[in-house]
Amino acid sequence: MVDVKPGRPISCRGRRTPTADRLQVGEKRKLTRLRSDLLNWARQAGRVYPWRANAASSYERIVVEVLLQRTTATAVSKFYDAFFSRFPTWEALALAQPEDLATFLKPLGLWRKRAASLLGLAKYAISVSGQFPRNPRERRKIPAIGQYVSSAIALFQYGEPAPLLDVNMSRVIERFIHPRSRADIRHDPWLRDAASWFARGPQPEMANWAILDFAALVCKSRRPRCSECPVRPRCNYVRSK
DNA sequence: AAGTCGGGGAT
DNA sequence: ATCCCAGACTT
């Protein structure tokens, strides 16, 4: 026991919030452990989808990310075969009749936006041999490519360890460590650093799929299955309940 | 920061 | 009947 100033080190004086907005060493360790734990968990319990198969092209994986926006993976899964046999390549998609595309997309909802987004992406893709810019700033200038889809392109097209940081991945990280400080996921530096740290390492695609599966099946927004959670011993969320 | 697009499944 | 879903865009 020490009796001298039990507070923070002097270097931390003046901080406005009790939680730093930068990723700390201990948090990196926790995320690294979480990563390997979830990869092991997903080996048995992970979901299986056609766009994750080795045979799936980066075209399919990128298009699927657009289809998955505000849509359940189950819905896209049902939709997958018909869509990609009708539009198997960027070329086929770029030549699609808007009405035809809309007919396909209606059951998923948001079909006007999705049709416009996909057509725009396809027309861009065929103008550059299917390769989106490697520079993220250049990618983000393309309509329908926000932060999330940009990361998906980095991950699936260039093999970079980019995080598919959405509300679900955010929920897992925030429960496991602590809530973000900014309202918007995309503007929270700590959360972005945490997600990036989680994604880095071998098998970045598997790691992303693992945490998204874990979010969907165990660490659900409502009624999380903490009793059957493989990382419960290290989770701050269950500790606080 | 808040509103909009959106049908479908889960609760 | 309400909430949630691998977001992006406009105001």
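Chain A is the first sequence line, chain B the second, and so forth, proteins listed ahead of strands; every chain is numbered from 1.
- Summarising the geometry, the separation between CG on A:Leu68 and P on C:dC5 is reported as 13 Å, rounded to the nearest angstrom.
- A:Arg52 comes within 4.0 angstrom of a base, heavy atoms only.
- When the P atom is compared between B:dT4 and C:dA6, the two are found 23 Å apart, to the nearest whole Å.
- Checked against C:dC9, B:dG6, C:dC5, the side chain of A:Arg114 finds its nearest nucleotide in B:dG6.
- The side chain of A:Trp209 approaches C:dA6 more closely than any other nucleotide in the set C:dA6, C:dC9, C:dC5.
- Nucleotides C:dA8 and B:dG8 place their P atoms 23 Å apart, quoted to the nearest Å.
- The separation between A:Met169 atom CE and C:dC4 atom C1' is 20 Å, rounded to whole Å.
- Residue contacts shown for A:Arg222 include a base, since a base heavy atom lies under 4.0 Å away.
- The existence of a salt bridge linking A:Arg52 and A:Glu205 is excluded, since no basic side-chain nitrogen approaches an acidic carboxylate oxygen closer than 4.0 Å.
- Side-chain contact of A:Thr89 with A:Glu91: a donor-acceptor pair under 3.5 Å is present, judged by distance alone.
- Rounded to an integer number of Å, the gap from CG of A:Leu110 to P of B:dC5 is 10 Å.
- Within the 4.0 Å cut-off from OP1 or OP2 of B:dG6, at least one side-chain nitrogen or oxygen of A:Arg112 is found.
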Distance-only check: which donor-acceptor pairs under 3.5 Å involve side-chain atoms of residues 98-112 of chain A, not counting sequence neighbours?
unit_1, atom_1, unit_2, atom_2, d
A:Asp100, OD2, A:Arg86, NE, 3.1
A:Asp100, OD2, A:Arg86, NH2, 2.7
A:Thr103, OG1, A:Glu99, O, 2.8

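- Between B:dG6, C:dA6, B:dA1, one nucleotide has an atom nearer to the side chain of A:Arg70 than all others, and that is B:dG6.
- Along DNA chain B, the nucleotide nearest A:His187 and the nucleotide nearest A:Lys78 are compared for position; the residue whose nucleotide lies closer to the 5' end is A:His187.
- Residue A:Ser221 is in sugar-phosphate contact alone, with no base atom involved, counting any heavy-atom pair closer than 4.0 Å across all strands shown.
- At C:dC5, one or more side-chain N or O atoms of A:Arg171 fall inside 4.0 Å of OP1 or OP2 (strictly under the cut-off).
- A salt bridge is absent between A:Glu174 and A:Arg171: the closest approach of a Lys/Arg side-chain nitrogen to an acidic carboxylate oxygen does not fall below 4.0 angstrom.
- Across the protein-nucleic acid pair, A:Phe214 atom CZ and C:dA6 atom P stand 15 Å apart, rounded to whole Å.
- Of the listed residues (A:Trp51, A:Tyr59, A:Phe79), just one forms a side chain to side chain contact (heavy atoms under 4.5 Å, CB included) with A:Phe84, and that residue is A:Tyr59.
- Rounded to an integer number of Å, the gap from A:Leu67 CG to B:dG6 P is 14 Å.
- For A:Ser150 and A:Arg139, the side-chain atoms include at least one donor-acceptor pair closer than 3.5 Å.
- The A:Glu65 side chain lies nearest to C:dA6 when the options are B:dG6, C:dA6, C:dC9.
- Remark: A:Asn168 is in phosphate contact with C:dC5, judged by side-chain N or O atoms under 4.0 Å from OP1 or OP2.
- Among the atoms of the strands shown, only primed sugar atoms or phosphate atoms (P, OP1, OP2) are found under 4.0 Å from some heavy atom of A:Arg223.
- Of the candidates B:dT11, C:dA6, C:dA8, C:dA8 carries the atom nearest the A:Gln69 side chain, counting heavy atoms from C-beta on.
- If you check the side chains of A:Trp197 and A:Glu27, you find no donor sitting under 3.5 Å from an acceptor.
- Between A:Leu212 atom CG and C:dG7 atom C1' there is a gap of 13 Å when expressed in whole angstrom units.
- Between A:Phe214 and A:Trp41, the two ring planes are perpendicular [angle over 60°; tilted spans 30° to 60°].
- For the pair A:Leu105 CG and B:dG8 C1', the interatomic distance rounds to 15 Å; values are reported in whole Å.
- Using modelled atom types, one side-chain atom of A:Asp213 and one backbone atom of A:Arg47 make a donor-acceptor pair closer than 3.5 Å.
- If A:Asp184 and A:Leu108 are placed on DNA chain B by their nearest nucleotide, the residue sitting closer to the 5' end is A:Asp184.
- Heavy-atom distances under 4.0 Å link DNA chain B to no residue of residues 130-151 of chain A.
- Across all strands shown, A:Trp111 has heavy atoms under 4.0 Å from sugar-phosphate atoms exclusively, and none from any base.
- We find that NZ of A:Lys113 is positioned 16 Å from P of B:dG3, with the value rounded to whole Å.
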